[in-house]
Amino acid sequence: MKKGQIIEGTTERIDFPNKGIVATEEGVCIVKNALPGQQIKCRIGKVRKGKAEGCLLEVVKHSDKETESPCPHFGICGSCIYMSLPYMEQLRIKEEQVKRLLEPVLRKQGEYSFEPIRQSPRPYGYRNKMEFTFGDEVKDGPLALGMHKRGSFYDIVSVTDCQIIDEDYRKIIKGVREYFAALQADGVDVPFYHRMRHTGYLRHLLVRRAAKTGEILIALVTTTKWLGGRESGSPESLIKESSRKQSLSEKKMLEDLKDLLCGLPLEGQIAGILHTKNDSLADVVQSDETVILYGKDHFYEELLGLRFQITQFSFFQTNSFGAEVLYQTAREYIADYMGKEKTVFDLYSGTGTIAQLMAPVAKKVIGVEIVEEAVEAARENARLNGLLNCEFIAGDVLKVIDTIEEKPDMIILDPPRDGIHPKALQKIIRYGVEHILYISCKPTSLVRDLEVFLDSGYRAGRITAVDMFPFTGGIETVVLLTRTDGDQ
């Protein structure tokens, strides 16, 4: 196989997260987003050490498992990869992916038990947070508001019929896009932010909706470069443009947008509408300043009988009903080992969701999280839920655990996608606790850390995958580790 060559083959399987393993006459090629059983055509983009990677050009023949996608944006939007497969087939693929990754490590310990994957209660409309981007679908095309086009950094697809969000999201995104498109049609200079030139105004629309309470938080994210019909440039260009440009104050624009949103026929209730200003060069949703246009800057969600306050940037699982399955699994795995005399460390605790769910059956729970805002939210949520035996510390796990006087009886780990820092991992192992619960959002990182645990005297007991992100390549894995080496 050579770079640039176009070849044809059949996808044998798909490895985590979206790597189609395609068998061709020329050899095996990795093609992202090719589904099992598909006969595809691809262009070779890279060949290194006998391994080839290609770009999907065409599906010559669909697999027998595929059905018609319920989402018109599937294959164009870069979010979902399994929308044309029945949900149970997605679960089978994800379970096999995790098993295939873990098996080489787990076989070292001899026998092990991998429990059936646990599914999301709601495969459709499950997202409780979305960050939509302003842009255009083609260069100089009409205003779009939605997700990045598959394989593109610049092009945006207006996902007005997205299936992983509910109808309230679809009404909000449609209303906002049409509002700004109408302003542009009327000659108001309200351009989207161009990621290369670093010019423009409209950046993102962040929407969060609680599955249980129905409360909605909406944030319009813009730069501070409001033009409102005023062109920058020479006096001659200003005179030339003045005949077609209309002037509008930013305050009036935001007021009208707020009224539009409040007037939408939504099933949920808007808790707050925010204007978030962000002049960062990075293409991320963050705040230099946030102004409340309506209501408040937070809302409430409920999980397993507890109540949580969430702001626009709070870390919280994006599938509320799936999160309940994940946390019920965690509680089930460690139920026999908890007790009122036990001190539990919840490392990488985020907003303290897991810590608070464990607090009623523990002596004390200590959470450690590097994001200070998340720690503040965790403390507020613990107060809200009347949990007095929770302590949350802001800082890097690698450094903070050296300063904690208490010694844990059990450790819960829920690290970021890259897993645990090797030095922090060794410090965790040196505690020598009998049981460690590891919740992983990236099985490839879990494999690396799991190998260290097994080499250090731990054994993987109960293992399962939990599907928190239907139709996408994401998957959570829960592993209960038990210390078997008494000399550690």
Side-chain angles (χ1 to χ4, degrees), residues 118 120-122 126-129 208-213 215 217 271 298-335 338 342-362 364-395 397 400 408 410-417 420 436-442 464 466-469 474-480:
R118 305 190 180 195
S120 171
R122 286 190 181 179
Y126 63 86
R127 293 281 306 194
N128 60 34
K129 176 186 177 184
R208 305 191 75 153
R209 185 189 191 281
K212 297 295 186 68
T213 67
E215 290 190 317
L217 189 69
H298 61 274
F299 67 101
Y300 293 95
E301 178 62 300
E302 296 173 357
L303 287 183
L304 299 175
L306 296 179
R307 191 170 172 87
F308 298 92
Q309 178 179 296
I310 301 171
T311 66
Q312 62 175 328
F313 296 120
S314 294
F315 172 78
F316 197 80
Q317 293 286 0
T318 55
N319 180 348
S320 296
F321 291 102
E324 289 193 321
V325 174
L326 179 68
Y327 298 143
Q328 283 173 331
T329 301
R331 292 204 302 196
E332 174 190 328
Y333 275 25
I334 61 177
M338 294 294 288
K342 300 287 182 70
T343 297
V344 179
F345 281 10
D346 178 13
L347 305 182
Y348 313 96
S349 56
T351 51
T353 311
I354 297 175
Q356 292 171 71
L357 290 170
M358 303 303 167
V361 291
K364 184 177 183 179
V365 182
I366 299 175
V368 180
E369 168 59 45
I370 196 169
V371 180
E372 290 191 13
E373 184 189 17
V375 173
E376 288 300 322
R379 291 168 180 162
E380 174 62 23
N381 287 328
R383 184 198 63 76
L384 189 68
N385 290 306
L387 299 170
L388 304 179
N389 61 335
C390 289
E391 178 184 352
F392 296 99
I393 304 171
V397 167
V400 168
M410 179 184 292
I411 296 176
I412 298 173
L413 303 168
D414 190 5
R417 291 183 60 81
I420 304 170
I436 295 175
L437 186 73
Y438 195 131
I439 302 174
S440 168
C441 60
K442 187 178 180 182
T464 192
V466 179
D467 186 28
M468 295 277 291
F469 319 102
I475 188 71
E476 298 269 341
T477 310
V478 184
V479 181
L480 178 63

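Because the structure is a prediction, the values reported are computed rather than measured.
Using a 4.5 Å cut-off on side-chain heavy atoms (C-beta onward), P121 and Y126 make no contact. Taking the side chain as every heavy atom from C-beta outward, E476 and T329 never approach each other to under 4.5 Å. For the pair V397 and Y348, the minimum side-chain heavy-atom distance is below 4.5 Å. Inter-residue side-chain proximity for I439 and I354 is flagged as met; some heavy-atom pair is nearer than 4.5 Å. Residues Y438 and I420 meet the side-chain proximity criterion, which asks for heavy atoms closer than 4.5 Å. Using a 4.5 Å cut-off on side-chain heavy atoms (C-beta onward), I475 and D467 make contact. A 4.5 Å side-chain heavy-atom check between L303 and S320 finds at least one atom pair inside the cut-off. Inter-residue side-chain proximity for L326 and M468 is flagged as met; some heavy-atom pair is nearer than 4.5 Å.
The two atoms that bring R307 and E302 nearest to each other are NH1-OE2, 3.1 Å, heavy atoms only. Residues E369 and G350 come closest through the heavy atom pair OE1-N, 2.8 Å. L387 and P360 get closest at one heavy-atom pair: CD2-CG, 4.3 Å. Of all the heavy atoms in N389 and A359, the pair that sits closest is ND2-O, 2.9 Å. Minimum interatomic distance between P415 and C441 (heavy atoms only, all atoms of both residues): O-SG, 4.1 Å.
Scanning for ring pair (Phe, Tyr, Trp, His ring centres under 6.0 Å) contacts around F308 gives F316, with sequence neighbours left out. With sequence neighbours left out, Y327 forms a side-chain hydrogen bond (donor to acceptor under 3.5 Å, both in side chains) with no residue at all. Partners of R379 by side-chain hydrogen bond (donor to acceptor under 3.5 Å, both in side chains), not counting sequence neighbours, listed by chain and number: E376. Every residue two or more places apart in sequence or in another chain that forms a side-chain contact (heavy atoms from CB on, under 4.5 Å) with Q328 is listed here: L304. By the side-chain hydrogen bond (donor to acceptor under 3.5 Å, both in side chains) test, Q312 is found to be paired with T276, T290, residues two or more places apart in sequence or in another chain being considered. Shown here are the salt bridge (charged side-chain N to carboxylate O under 4.0 Å, His left out) partners of R383, two or more places apart in sequence or in another chain: E380. The salt bridge (charged side-chain N to carboxylate O under 4.0 Å, His left out) check on K364 picks up E391, E406, with sequence neighbours excluded. Every residue was checked against the ring pair (Phe, Tyr, Trp, His ring centres under 6.0 Å) condition with F315, not counting sequence neighbours, and none meets it. By the ring pair (Phe, Tyr, Trp, His ring centres under 6.0 Å) test, F321 pairs with no residue at all, sequence neighbours left out. Applying the salt bridge (charged side-chain N to carboxylate O under 4.0 Å, His left out) test to R331 and every residue at least two apart in sequence or in another chain returns nothing. Annotation: side-chain hydrogen bond (donor to acceptor under 3.5 Å, both in side chains) contacts of Q356 (sequence neighbours excluded): N385. Applying the side-chain contact (heavy atoms from CB on, under 4.5 Å) test to A355 and every residue at least two apart in sequence or in another chain returns D346, V365, F392.
Rounding to the nearest 0.5 angstrom, the gap separating the OG atom in S314 from the NE2 atom in H298 is 10.0 Å. Note that CG of N128 is 7.0 Å distant from CG of N319, once rounded to the nearest 0.5 Å. Going from atom OG1 of T353 over to atom CD of E324 covers 11.5 Å, rounded to the nearest 0.5 Å. Taking CD1 of I412 as the reference point, atom CD1 of I366 lies at 12.5 Å (rounded to 0.5 Å).
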Could you go through the side-chain contact (heavy atoms from CB on, under 4.5 Å) check for V478 and R118 one step at a time?
CA-CA 11 Å; V478 184; R118 305 190 180 195; over 6 Å; no
For the pair N381 and T351, evaluate side chain to side chain donor-acceptor pair (under 3.5 Å) and give the outcome as yes or no after the intermediate values.
CA-CA 8 Å; N381 287 328; T351 51; 5.0 Å; no
Evaluate the side-chain contact (heavy atoms from CB on, under 4.5 Å) criterion for residues E215 and I310: first the C-alpha distance (whole Å), next the side-chain angles of each, then the deciding distance (0.1 Å), finally the verdict.
CA-CA 10 Å; E215 290 190 317; I310 301 171; over 6 Å; no
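With hydrogens and angles disregarded, no donor-acceptor distance shorter than 3.5 Å links the side chain of R208 to the backbone of F299.
One finds no salt bridge joining K129 and E301 here, because no Lys/Arg side-chain nitrogen approaches an Asp/Glu carboxylate oxygen to under 4.0 Å.
For the residue pair T311 and E373, a side-chain donor N or O sits within less than 3.5 Å of a side-chain acceptor on the partner.
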